[in-house]
Every structure is written in structure tokens, then in C-alpha cells.
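Shown next, in C-alpha cells, is the structure this report addresses.
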Amino acid sequence: MCIYRRNKLKIHTNKGFTLVEIAIVLVIVGLLIGGVLKGQEMITNAKLKRIESDNAGIAAAMFSYQDRYLQLPGDDSGAGGDGMDAGRFDIYDVANANNGNGDGLIGGDWTPAAVTDESAMFWMHLRAAGLIPGGGTDTTQPSNAYGGLIGIQDGAFEIAGHVTIFGQIEGPIAKILEARLDDGLPDGGRIQSDVNDQTVTTDGTASSATSYDDAERYNLAFRL
């Protein structure tokens, strides 16, 4: 007797995603990407506003000091006394050690070589007057939203008068600030800048940058 056995083949079918499910996934991915991009935009705008407000705050503090004491911070020749009379601020107990020369100009580079440079004492005098936070003997330069230093200098980039300088500003941000507040060019107007690694001072020579490169960082100078 012959016995025939029939092998039953089992066919497995994999169920795929439906078009509705794929559409839902794409919508969720789109929302996530949109949220990330919006978050980055908000962070960028916050940093831009901080640079603008920091610059405006420094200008207001400097002119308030000048209005109150009739001298510029850092250049103030009466901040620490003359050895006989008390100085403007009791915190300075060494005669003339914390004074500028009173010539109406804040001397020194925006990244001072010494704490006795007027561009260093600028921060000290503002703090002593209570116009910016910190102690009256502190010459530490504040930092900006992009991690670079903030400084003061007279005649940087051949700009007439005093300027505040914000170091290490990213190219795209420098471009936005120029477009908002000036002529869009790094070598002209009230805002000028140069490619800089923050070790070279802006010594009053003209800016060598003629356009902004997104891959570079800049020292951005604002005329006060």
C-alpha cells in the first residue's frame, strides 16, 4: 500500500505600513524638525538681542559716569585721590594707582596689556560707581553671548571716537547685526570688524575684511 503524504506549505505574509501610518510618521518627523529649527532660531535671536542690549548698556553706563563725574571711566584722574585728598571712591587706598590721565580719551587696547591701562580701569571705575555689577577693584572684561570678550578702545578700525568691541562673533551673526544696524559692510560705517582670533588688537588700522564669511569669527566694533 502506498501512502502519499502531502506536505502543507505554510506561506508567511508580512504586513507592511499603510499609507496612513507612513503619513502620520512623516508628520511627526516634520514637527520634530520644525521644533528643532524654531528652537535654534529662538536661541540665535536671544543671543543677538543680548549683544545689542549689552552694547546699549555699556554706552549708557559710560555716559552716566561722564555725566555724574565729568570724566570718562578709566580715564578718570580723580578716582583714587592724589595722596592728600580722598579720591572719588573709598575703595582705592593707593594714591593715583587707579587713576587715568584725564585727557578725555580712554587709552589702551580693547584687550588691555596691564590692569593699569585705562581700557582695563574702565570696567573698574564703572563697577566702583555701581553702574555695572561687580567689585570696584575688578578689571575683568565681561564676555559676550558667543564667549568672546567685550572691550573698549579709542579709534579702533580708524573709527573716530570710542568703540565697544565684541570678540569672537560668528560670521552669520555679524552679518545680521550689520544688516540691522549699519551698512552691511565690515570696513565702513558705525559698525566695523575684522577676522580675529582675539590675540591681535585693533590698533587703529583699517579693517582688512571686505565681506563676511560664515566660517569665520569676527571682532565687531560698535561706535559709541
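Because the structure is a prediction, the values reported are computed rather than measured.
Ion pair R190/D183 not flagged as a salt bridge, since none of the NZ, NE, NH1 or NH2 atoms sits closer than 4.0 Å to an Asp/Glu carboxylate oxygen.
For D138 and T140, the side-chain atoms include at least one donor-acceptor pair closer than 3.5 Å. Side-chain polar atoms of S77 and Q71 form a donor-acceptor pair below 3.5 angstrom. The closest side-chain donor-acceptor pair between Y146 and E170, if any, does not fall under 3.5 angstrom. Side-chain contact check for S193 and Y212: at least one donor-acceptor pair (N or O, by modelled atom type) lies under 3.5 Å.
Across all their heavy atoms, N144 and G167 have their closest contact at ND2-O, 2.8 Å. Contact record, A61 with I132: CB-CG2, 4.1 Å, taken as the closest heavy-atom pair. Annotation for P186 and A209: closest pair CG-O, 3.5 Å, computed over non-hydrogen atoms. When all heavy atoms of S207 and Q192 are compared, the closest pair comes out as CB-OE1, 4.3 Å. Smallest separation of non-hydrogen atoms from S211 and Y218: O-OH, 3.7 Å. Across all non-hydrogen atoms, the minimal contact from R50 to A145 is NH1-CA, 3.6 Å.
Centroid-to-centroid, the aromatic rings of Y65 and F122 stay 6.0 Å apart or farther.
Using cut-offs of 30° and 60° on the angle between ring planes, the pair Y92 and H125 is tilted.
With hydrogens and angles ignored, the 3.5 Å screen pairs a side-chain donor or acceptor of D182 with a backbone N or O of I191. Between the side chain of E216 and the backbone N or O of V195, no donor-acceptor pair lies under 3.5 Å. Side-chain atoms of E178 come within 3.5 Å of backbone atoms of G184 as a donor-acceptor pair (strictly under, hydrogens ignored). In this structure a side-chain-to-backbone donor-acceptor pair under 3.5 Å is missing from R223 to V163. A donor-acceptor pair is defined here as one N or O able to donate and one able to accept, closer than 3.5 Å; such a pair exists between the side chain of E118 and the backbone of N101.
Annotation: side chain of D75 is in contact with side chain of D103 (closest heavy-atom distance under 4.5 Å). Put simply, the side chain of M62 reaches to within 4.5 Å of the side chain of P73, judged on heavy atoms.
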What verdict does the side chain to side chain donor-acceptor pair (under 3.5 Å) test give for N55 and T164, after you've listed the backbone C-alpha separation in whole Å, the side-chain angles of each residue and the deciding distance to 0.1 Å? CA-CA 7 Å; N55 185 56; T164 50; 2.3 Å; yes
Could you walk me through whether L149 and W110 pass side-chain contact (heavy atoms from CB on, under 4.5 Å), step by step? CA-CA 9 Å; L149 297 176; W110 75 283; 4.1 Å; yes
Show the numbers, then the answer: is there a side-chain contact (heavy atoms from CB on, under 4.5 Å) between F166 and D54? CA-CA 10 Å; F166 288 68; D54 283 350; 4.0 Å; yes
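Screening D194, I51, L177 against L220 for a side chain to side chain contact (heavy atoms under 4.5 Å, CB included) leaves a single residue, L177.
Residues I165 and L105 do not share a hydrophobic cluster, defined by chaining ILVMFWY side chains whose heavy atoms lie under 4.5 Å apart.
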